[in-house]
Amino acid sequence: MNSDRMKKGIGRAPHRSLLKANGLTKEEIERPLIGIVNSFNEVVPGHIHLREIAEAVKAGVRMAGGTPLEFPAIAVCDGLAMGHKGMKYSLASRELIADSIEIMTEAHAFDALVLIPNCDKVVPGMLMAAARLNVPSVFVSGGPMLAGKLNNQIMDINTAFEAVGAYESGKIDDERLEEIEDNCCPGCGSCAGMFTANSMNCLTEALGLGLPGNGTIPSVHAGRKRLAKQAGMKVMEVLKQDLKPLDILTESTFENALIVDMAMGCSTNTVLHLPAIAHEAGIKIDLEKINAISEKTPHLCKLSPAGEHHLEDLDQAGGISAVMKQLNDLGLIHADCKTITCKTVEENLEKAAVKDSDVIRSKETAYNAKGGLAILWGNLAAKGAVVKKAAVSEKMLVHQGPARVFEVEEDAIEAILGKKIQPGDVIVIRYEGPKGSPGMREMLSPTAAVAGMGLDEKVALITDGRFSGASRGASIGHISPEAAEGGIIALVKEGDTISIDIPNNKLELLVDDAELEKRRAEWKAPEPKITKGYMARYAKQVTSAYTGAVLKK
């Protein structure tokens, strides 16, 4: 056992003494030591209940003959960080989460890990750590929040963000706004739609590192605690078989995850996180591959914000297993991939079935013959940009309009709520990329304001920043190269015409090359927005969005 280097032999008497100081018995010390990585805190509603999940995991570990030892990981709530300086720290927390798990695991010689994430950057951060450390690891998330309900209207956190725009445009009053904020988030769990957290928890299943149900069993259901106990027991089996993350995370596994991603119309942030996780596994995901996979994958599910369904509906319809079964029947899934169940994907799917064909559609009734995400290219995005085309109105799939240029997110929000944006405009928010922001802020506040003002079928928004999975409309992010690195987005001027053609994967600034060269000669790199602390170091080390915004070696 890996932990033997810390606890076996005469020279380790001091180490055993320290473990006994924690109340561990000789018998517990002699058993495999299992690290329980718990991202509980009292700030994030997706994590407020994770003490209970961790206790269930530890019960499972003990039942199967191991000794669980819990340690923490940080977690940022993107919803609370949205629209202000705090969002700069969200994506950057992913790297700290991975690094801190590496430190704790290597310093304390754990034999295996059970990792308990839930919200946006915690899931990929923990997946990156698992790939880097390559010790037997099982994931169990805290589960999705139930959707809210008010006067027979089903709602979620996105309802509240869009209500701000509705309020400013006079569509709702103070009383209605307060009713929405009181009811849209009814309790613990990751926010109820196919936003980033739920996207990544579902894709953890597709990657083979989470047990069936990891992404969809609601946070408040007893099934979630049972799943946590099963994860605790399963890690002991995985340890016995010496099944490690890199035995599971192959190129075929990542293709499975991308196929499931396209079928469900997941958050655009998966295009940041899957390449970053693959990077830790020594695998490269090119953005070109995403379009190729999207071309052959039907769009089978439309969850909020693209549709009316929520994660609880997907769970009742059969969950990710049912989605994968549907895709496997179409010959799209690599069914021989290993998984943390100690079975192959094909074996896992033997009993899977679609229980609601409205929530999980067939190829014949699919929303679209192609997948839910698209990568766009052109002079504005030489290294690519991403759009959740599943959440774009048909009216905005092809669009040309004048650029309305903003150097920071807050100025754009003020203009939108101040009714300074007109139908047909293309809002450009720049210097919000990984380096320029720094931290690549999410743009749910401006996209929700656009929707709340009733402009989501009339206005496009492009940025070198990124979007919440809750964003909808013609919202194009991750533009690379970013403005801070001299990308063409830095050269856009107010009134320039921008052409968007999502079906043909095009994003162009309709300005001739001679004029662009003139503007480039006049352009100067901006001064850093943060000059001390972690984010100053992050800005110097972070790479472009098209690489997954990983840190330079």
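- With a 4.5 Å cut-off on side-chain heavy atoms, Ile498 and Leu507 count as touching.
- Between the CD1 atom in Ile421 and the CE atom in Met453 there is a gap of 9.5 Å [rounded to 0.5 Å].
- Side-chain atoms of Tyr546 and His478, non-hydrogen and from C-beta on, never get closer than 4.5 Å to each other.
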Audit row: Glu482, Lys435, salt bridge (Lys or Arg N to Asp or Glu O under 4.0 Å) steps and yes/no: CA-CA 8 Å; Glu482 63 174 292; Lys435 181 184 174 101; over 6 Å; no
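- For Lys171, the NZ atom is densely surrounded, since the number of other residues' heavy atoms within 6.0 Å is greater than 12.
- Remark: side-chain polar atoms of Ser437 are not paired, donor with acceptor, to backbone N or O of Pro434 under 3.5 angstrom.
- Remark: Asp78 engages Lys121 in a salt bridge, criterion side-chain N to carboxylate O under 4.0 Å.
- Lys389 NZ: more than 12 foreign heavy atoms inside a 6.0 Å radius.
- For Ile74, the side-chain contact (heavy atoms from CB on, under 4.5 Å) partners are Ser93, Leu96, Ile97, not counting sequence neighbours.
- Salt bridge status for Lys85 with Glu410: absent, with no side-chain N to carboxylate O gap under 4.0 Å.
- For residues 304-322, the set of pairs meeting the salt bridge (charged side-chain N to carboxylate O under 4.0 Å, His left out) definition, not counting sequence neighbours, is empty.
- Enclosure of atom NZ in Lys229 is not indicated, since only 12 or fewer non-hydrogen atoms of other residues, nucleotides or ligands lie within 6.0 angstrom.
- Relative to the six-membered ring of Tyr367, Arg361 meets both conditions, a distance below 6.0 Å and an angle of at most 45° to the axis.
- Legend: residues meeting side-chain contact (heavy atoms from CB on, under 4.5 Å) with Ser190, ordered by chain and number and at least two apart, are Asn118, Cys119, Pro144, Ala197, Asn198, Asn201.
- Looking at heavy atoms from C-beta onward, Leu376 lies in side-chain contact with Val387 at the 4.5 angstrom threshold.
- Distance alone, capped at 3.5 Å, is enough to place a donor-acceptor pair between the Ser141 side chain and the Asn214 backbone.
- For the pairing with Asp425, the salt bridge (charged side-chain N to carboxylate O under 4.0 Å, His left out) check across Arg404, Lys458, Lys419 returns one residue only, Arg404.
- Side-chain atoms of Thr463 come within 3.5 Å of backbone atoms of Ile429 as a donor-acceptor pair (strictly under, hydrogens ignored).
- Residues satisfying the side-chain hydrogen bond (donor to acceptor under 3.5 Å, both in side chains) criterion with Glu409, sequence neighbours excluded, are absent altogether.
- Counting only distance, with no hydrogens or angles, the side chain of Lys234 and the backbone of Thr341 share a donor-acceptor pair below 3.5 Å.
- The distance from the NE2 atom of His399 to the CD1 atom of Ile502 is 10.5 Å, given to the nearest 0.5 Å.
- Using a 4.0 Å cut-off between charged nitrogen and carboxylate oxygen, Arg472 and Glu162 count as a salt-bridge pair.
- The main-chain N or O of Met200 is found under 3.5 Å from a side-chain atom of Thr204 such that the two form a donor-acceptor pair.
- For the pair Met82 and Arg441, the minimum side-chain heavy-atom distance is 4.5 Å or more.
- In this view, Ser169 satisfies the side-chain hydrogen bond (donor to acceptor under 3.5 Å, both in side chains) rule with no residue, not counting sequence neighbours.
- Judged as a salt bridge (Lys or Arg N to Asp or Glu O under 4.0 Å), and not counting sequence neighbours, Glu168 has no contacts.
- Under a 3.5 Å cut-off, the side chain of Asn41 and the backbone N or O of Val44 do form a donor-acceptor pair.
- The backbone N or O of Ala470 lies less than 3.5 Å from a partner atom in the side chain of Ser468, making a donor-acceptor pair.
- Within a 6.0 Å sphere centred on NZ of Lys88, other residues, nucleotides and ligands contribute more than 12 heavy atoms.
- Checked by atom type and distance alone, the side chain of Ser544 never pairs as donor or acceptor with a backbone atom of Thr547 at under 3.5 Å.
- Residues Met87 and His84 have side chains not in contact (no heavy-atom distance under 4.5 Å, counting atoms from C-beta outward).
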